Amino acid sequence: NAGVMQNPRHLVRRRGQEARLRCSPMKGHSHVYWYRQLPEEGLKFMVYLQKENIIDESGMPKERFSAEFPKEGPSILRIQQVVRGDSAAYFCASSLTSGSHEQYFGPGTRLTVT
Amino acid sequence: AQKITQTQPGMFVQEKEAVTLDCTYDTSDPSYGLFWYKQPSSGEMIFLIYQGSYDQQNATEGRYSLNFQKARKSANLVISASQLGDSAMYFCAIGARSARQLTFGSGTQLTVLP
């Protein structure tokens with residue numbers, strides 16, 4: 001049973017470009033969480049989605065960031081007009097139910113903005 | 001809201017000895033879970049151990065055990081018989097029933113000395 005998959009594993013973008021990060025949850029999981037880890041810090045919650053719905057986006061920056069989890073295909077975290085401060089590791093986790101006790105993490109995408 | 005405090009930015013331990021990593025938490029939710037994750041230099045998040053707030057016994061997983069003291073709101077991780085491969089960043093996290101996401105501490109960098 002494949003785990004949570006994220007791609008790309010490493011992404012380099014110039015300031016002003018767009019970054020698209022993909023997350024394929026574990027098979028059968030319909031709940032997805034995105035977290036961001038800035039250098040030298042712990043993970044910070046960004047957004048929680050179920051299929052086709054954003055449930056909780058309280059951790060998302062108000063501008064430039066958006067997330068979706070369509071009926072078919074992976075969840076996408078989109079960052080428009082990236083800035084240097086967006087450089088971080090972005091982790092996706094998935095769960096079978098909405099409880100937080102069973103989240104499985106992907107390997108992360110390391111975004112570098114030059 | 002939930003909060004995790006890890007007061008040890010860095011710890012050193014001699015190979016084959018035991019080490020305790022501190023974690024204190026704060027939550028108003030009576031039902032919650034406490035997690036420990038290991039993040040090696042390669043960057044992935046590796047789940048180590050989980051303790052539920054209503055669990056009567058301290059959780060153990062191989063060389064990992066969780067010293068759960070509910071009245072003191074602490075959930076320290078004990079690693080016995082340290083190995084060189086244990087050198088990594090360790091994060092404590094809390095997930096409450098009222099909030100789907102996990103809240104992480106700032107981490108402890110453990111270095112195992114030969």
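Atoms considered below: every heavy atom in the structure, side chains included; atoms not considered: hydrogens, waters and symmetry mates. Sequence lines set the chain letters: A, B, ... in the order given, protein chains first and strands last, and positions in each chain run from 1. Just so we're clear, the structure is a prediction, and the values are computed from it rather than from any experiment.
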Next on the checklist: Working note: B:Q101 + A:W34, criterion side chain to side chain contact (heavy atoms under 4.5 Å, CB included); need CA distance, chi angles, decisive distance, verdict.
Outcome noted: CA-CA 9 Å; B:Q101 71 268 25; A:W34 285 94; over 6 Å; no

Checklist entry - In terms of heavy-atom proximity below 4.5 Å to chain A, should B:S42 be classed as side chain, backbone, both, or neither? => result backbone

Checklist entry - Transitively linked via ILVMFWY side-chain contacts under 4.5 Å: B:L21 with B:F68? => result yes

Checklist outcome for this item: Between B:Q39 and A:F91, the two heavy atoms sitting closest are NE2-CZ, 3.5 Å

Next on the checklist: Would you say that B:F104 contacts A:F45 through its side chain, given a criterion of any heavy-atom pair below 4.5 Å between the two side chains?
Outcome noted: no

Next on the checklist: Within a 6.0 Å radius of atom NZ on B:K16, are there more than 12 heavy atoms belonging to other residues, nucleotides or ligands?
Outcome noted: no

Checklist outcome for this item: Most heavy-atom pairs under 4.5 Å with chain B, out of A:M46, A:Q37, A:E41, belong to A:Q37

Item to check | Point-to-point distance, once rounded to the nearest 0.5 Å, from CD of A:E40 to CE of B:M89 | outcome: 6.5 Å

Checklist entry - Is it the case that one hydrophobic cluster holds both B:Y54 and B:L34, taking links as side-chain heavy atoms less than 4.5 Å apart, direct or via other members? => result no

Next on the checklist: Starting from B:W36, can I reach B:Y64 by hopping between I/L/V/M/F/W/Y residues whose side chains sit under 4.5 Å apart?
Outcome noted: yes

Next on the checklist: Atom CE of residue position A:M5 - does it have more than 12 heavy atoms of other residues, nucleotides or ligands inside 6.0 Å?
Outcome noted: no

Checklist entry - Are A:M60 and A:I54 linked, directly or through other ILVMFWY residues, by side chains that come within less than 4.5 angstrom of each other? => result yes

Next on the checklist: At a 4.5 Å cut-off on heavy atoms, which part of A:Y104 comes close to chain B: side chain, backbone, both, or neither?
Outcome noted: neither

Next on the checklist: What part of B:F47 gets within 4.5 angstrom of chain A, counting heavy atoms only: side chain, backbone, both, or neither?
Outcome noted: neither

Item to check | Single-linkage hydrophobic cluster A:F105~A:V47, side-chain heavy atoms < 4.5 angstrom | outcome: no

Checklist entry - Taking C-beta and beyond as the side chain, do B:L102 and A:Y35 meet within less than 4.5 Å on heavy atoms? => result yes

Checklist entry - Who among B:Q109, B:E44, B:M45 has the most heavy-atom pairs with chain A under 4.5 Å? => result B:M45

